Amino acid sequence: MSQKTIESLDPFAAVQKVPLFTENGAQSSRYAVILDPYCENREVGIVSGDYQLVENHTVCEIATEVLDKTGYDYQLAKHLFDGKRFQQRWIIPEINFEPQKDDIVQIAVDVFNSYDGSTTFGLAFNAQRLVCSNGMVVDFRLGSFRFKHYGNEGFTEELSEAAITIRELSNKMLGLVTCLKRIVDIPIERADIQNTFRELKLPKTYTADVFMALDGDNLWSLYNAFTGVFTKQESFRAETWNRQVSRHFLSAN
């Protein structure tokens, strides 16, 4: 699916499970997931009969209910949708820190969902740089929350548990803050940048973009050059690379 086609998809369009049939006319145990059945009528996944399809607008409503329970103010940010996978981000300005003076990083709460069974819906906790809206995929440090009881008894308790998890993010930030402040103090040269590309094994097409985005001479600047380039890609593939780069910079330092 081309990027132009993906951008034209409405993440909040109707979606439904439609039974599939075998060649002899018998109903299969599998179902097709159809996005926008009254217009695009696009098949976006094949799932089992017991797969619980949750619409994207519903997961957003649940996420905002959880955020309301935290007592924090929050701001709607970007979303990603490729027809199958969905992610919506909110920023919590109150939970923030400064790796270096006047360079503020805020906590981001992402709700994720899928229409093809690739993931169950839940929350991931990441970060975003205020000055340029660079996203940092650091859920491997800040954690995530999966909803396991949607539509069943116990889901109300899960909403409260998710809100508590967000409230506790301030306590989880210490390790992340320490890592980010550390890379601020590490100078880099051109050879260091080239070594980073070799170690990460990223597509060479990004080399020039990262060099152009570099605005300092420390490891923090290099990290932000990478995350800035990936954030502008606005794709799930770039999010995966963002996580890979974040692991490299924040696990080794």
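Treat the numbers as computed from the prediction; the structure is a model and nothing was measured.
- Within 6.0 Å of atom CZ in Arg237, 12 or fewer heavy atoms from other residues, nucleotides or ligands are found, so the atom counts as exposed in its surroundings.
- Side-chain atoms of Gln106 never come within 3.5 Å of backbone atoms of Ala127 as a donor-acceptor pair (strictly under, hydrogens ignored).
- Within a 6.0 Å sphere centred on OH of Tyr38, other residues, nucleotides and ligands contribute 12 heavy atoms or fewer.
- Put simply, the side chain of Ser251 never gets that close to the backbone of His248: no donor and acceptor are under 3.5 Å apart.
- Under the 4.5 Å side-chain heavy-atom criterion for grouping Ile, Leu, Val, Met, Phe, Trp and Tyr, Leu200 is connected to Met136 within one hydrophobic cluster.
- Counting non-hydrogen atoms of other residues, nucleotides and ligands closer than 6.0 Å to CG of Asn41 gives a total above 12.
- With hydrophobic clusters built from ILVMFWY side chains whose heavy atoms lie under 4.5 angstrom apart, Val33 does not share a cluster with Leu80.
- Salt-bridge check for Lys78 with Glu239: passed, with a basic side-chain N closer than 4.0 Å to an acidic carboxylate O.
- One finds the OG1 atom of Thr227 at 4.0 Å from the CG atom of Asn134 (value rounded to the nearest 0.5 Å).
- Proximity of a side-chain donor or acceptor of Asn126 to a complementary backbone N or O of Ala108 within less than 3.5 Å is not detected.
- Counting heavy atoms from C-beta outward, Val15 and Ile34 have side chains that stay 4.5 Å or more apart.
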Going by atom type alone, with no hydrogens or angles, which donor-acceptor pairs under 3.5 Å involve a side-chain atom of residues 50-59 and a protein atom two or more places apart or on another chain?
unit_1	atom_1	unit_2	atom_2	d
Asp50	OD1	Ser48	OG	2.6
Tyr51	OH	Ser114	O	2.9
Gln52	NE2	Tyr150	O	3.3
Glu55	OE1	His57	NE2	2.7
Asn56	OD1	Asn113	ND2	2.9
Asn56	ND2	Pro11	O	2.8
Asn56	ND2	Tyr115	OH	3.3

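- What you find for Lys84 and Val44 is that their closest heavy atoms are CG-O, 3.1 Å.
- For an aromatic pair to be called close, the ring centres must be under 6.0 Å apart, and Phe230 with Tyr206 satisfies this.
- Looking at Thr231, its side chain does come within 3.5 Å of a backbone N or O of Gly135 through a donor-acceptor pair.
- Under the 30°/60° scheme for interplanar angles, the aromatic rings of Trp220 and Tyr223 are found to be tilted.
- Using a 4.5 Å heavy-atom cutoff, the side chains of Val66 and Phe147 are in contact.
- Using a 4.5 Å heavy-atom threshold, the side chains of Phe211 and Arg190 count as touching.
- Salt-bridge check for Arg129 with Asp103: passed, with a basic side-chain N closer than 4.0 Å to an acidic carboxylate O.
- Both Leu76 and Tyr72 are members of a single hydrophobic cluster when ILVMFWY side chains are connected at heavy-atom separations under 4.5 Å.
- For Lys232, the NZ atom sits in a loose shell: 12 or fewer heavy atoms of surrounding residues, nucleotides or ligands are nearer than 6.0 Å.
- The distance from the OG1 atom of Thr70 to the CG atom of Leu169 is 9.5 Å, given to the nearest 0.5 Å.
- Between the side chains of Ser221 and Asn224, no donor-acceptor pair of N or O atoms lies under 3.5 Å.
- Under the 3.5 Å distance criterion, the side-chain polar atoms of Arg167 are left unmatched by any main-chain donor or acceptor of Ala162.
- Note on Ile91 and Phe112: separate hydrophobic clusters, where clusters join Ile, Leu, Val, Met, Phe, Trp and Tyr whose side-chain heavy atoms are under 4.5 Å apart, directly or indirectly.
- A donor-acceptor pair under 3.5 Å is absent between the side-chain atoms of Glu40 and the main chain of Leu35, judged by distance alone.
- Closest heavy-atom contact between Cys60 and Phe12: SG-CE2, 3.9 Å.
- Here CG of Asp192 is found 9.5 Å from CD of Glu199. Values are rounded to the nearest 0.5 Å.
- Arg85 has no carboxylate O lying under 4.0 Å from a charged side-chain N of Asp116, or vice versa, which leaves the two without a salt bridge.
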Candidate pair Phe236 and Phe86, rule ring pair (Phe, Tyr, Trp, His ring centres under 6.0 Å), full reasoning: CA-CA 9 Å; Phe236 286 102; Phe86 172 74; 8.6 Å; no
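- Using a 4.5 Å cut-off on side-chain heavy atoms (C-beta onward), Thr196 and Leu222 make contact.
- Put simply, the side chain of Asp217 does not reach to within 4.5 Å of the side chain of Pro187, judged on heavy atoms.
- The minimum heavy-atom distance linking Ala124 with Ser144 is given by the pair CA-CB, 4.0 Å.
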- prompt: For Asp36 and Asp10, what are the C-alpha separation, side-chain angles and deciding distance, and is it a side chain to side chain contact (heavy atoms under 4.5 Å, CB included)?
  reply: CA-CA 8 Å; Asp36 201 1; Asp10 179 3; 5.7 Å; no
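- A distance of 7.0 Å separates CG of Leu67 from OG1 of Thr64, quoted to the nearest 0.5 Å.
- Residues Trp241 and Phe226 place their aromatic rings such that the two centres sit no closer than 6.0 Å.
- Here the side chains of Val137 and Asp110 are not in contact, with every heavy-atom distance at 4.5 Å or above.
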message: Between Tyr74 and Asp68, does the side chain to side chain contact (heavy atoms under 4.5 Å, CB included) criterion hold? Intermediate values first, please.
response: CA-CA 9 Å; Tyr74 54 90; Asp68 286 340; 2.6 Å; yes
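- Between the Arg146 side chain and the Gly122 main chain, no donor and acceptor come within less than 3.5 Å of each other.
- Residues Ala77 and Gln88 share a closest heavy-atom pair of O-NE2, 3.1 Å.
- Contact of the Ile107 side chain with the Met173 side chain is registered, since non-hydrogen atoms from C-beta on lie closer than 4.5 Å.
- Rounded to the nearest 0.5 angstrom, Glu23 CD and Ser28 OG are separated by 12.0 Å.
- Grouping the Ile, Leu, Val, Met, Phe, Trp and Tyr side chains by contacts below 4.5 angstrom, directly or via other members, places Val177 with Ile166.
- No donor-acceptor pair closer than 3.5 Å links the side chain of Lys172 to the backbone N or O of Gly143.
- Distance check: Arg30 CZ to Ile46 CD1 gives 7.5 Å after rounding to the nearest 0.5 Å.
- For Tyr31 against Ser29, the heavy-atom pair with the smallest separation is CD1-O, 4.0 Å.
- Contact of the Phe140 side chain with the Ser246 side chain is registered, since non-hydrogen atoms from C-beta on lie closer than 4.5 Å.
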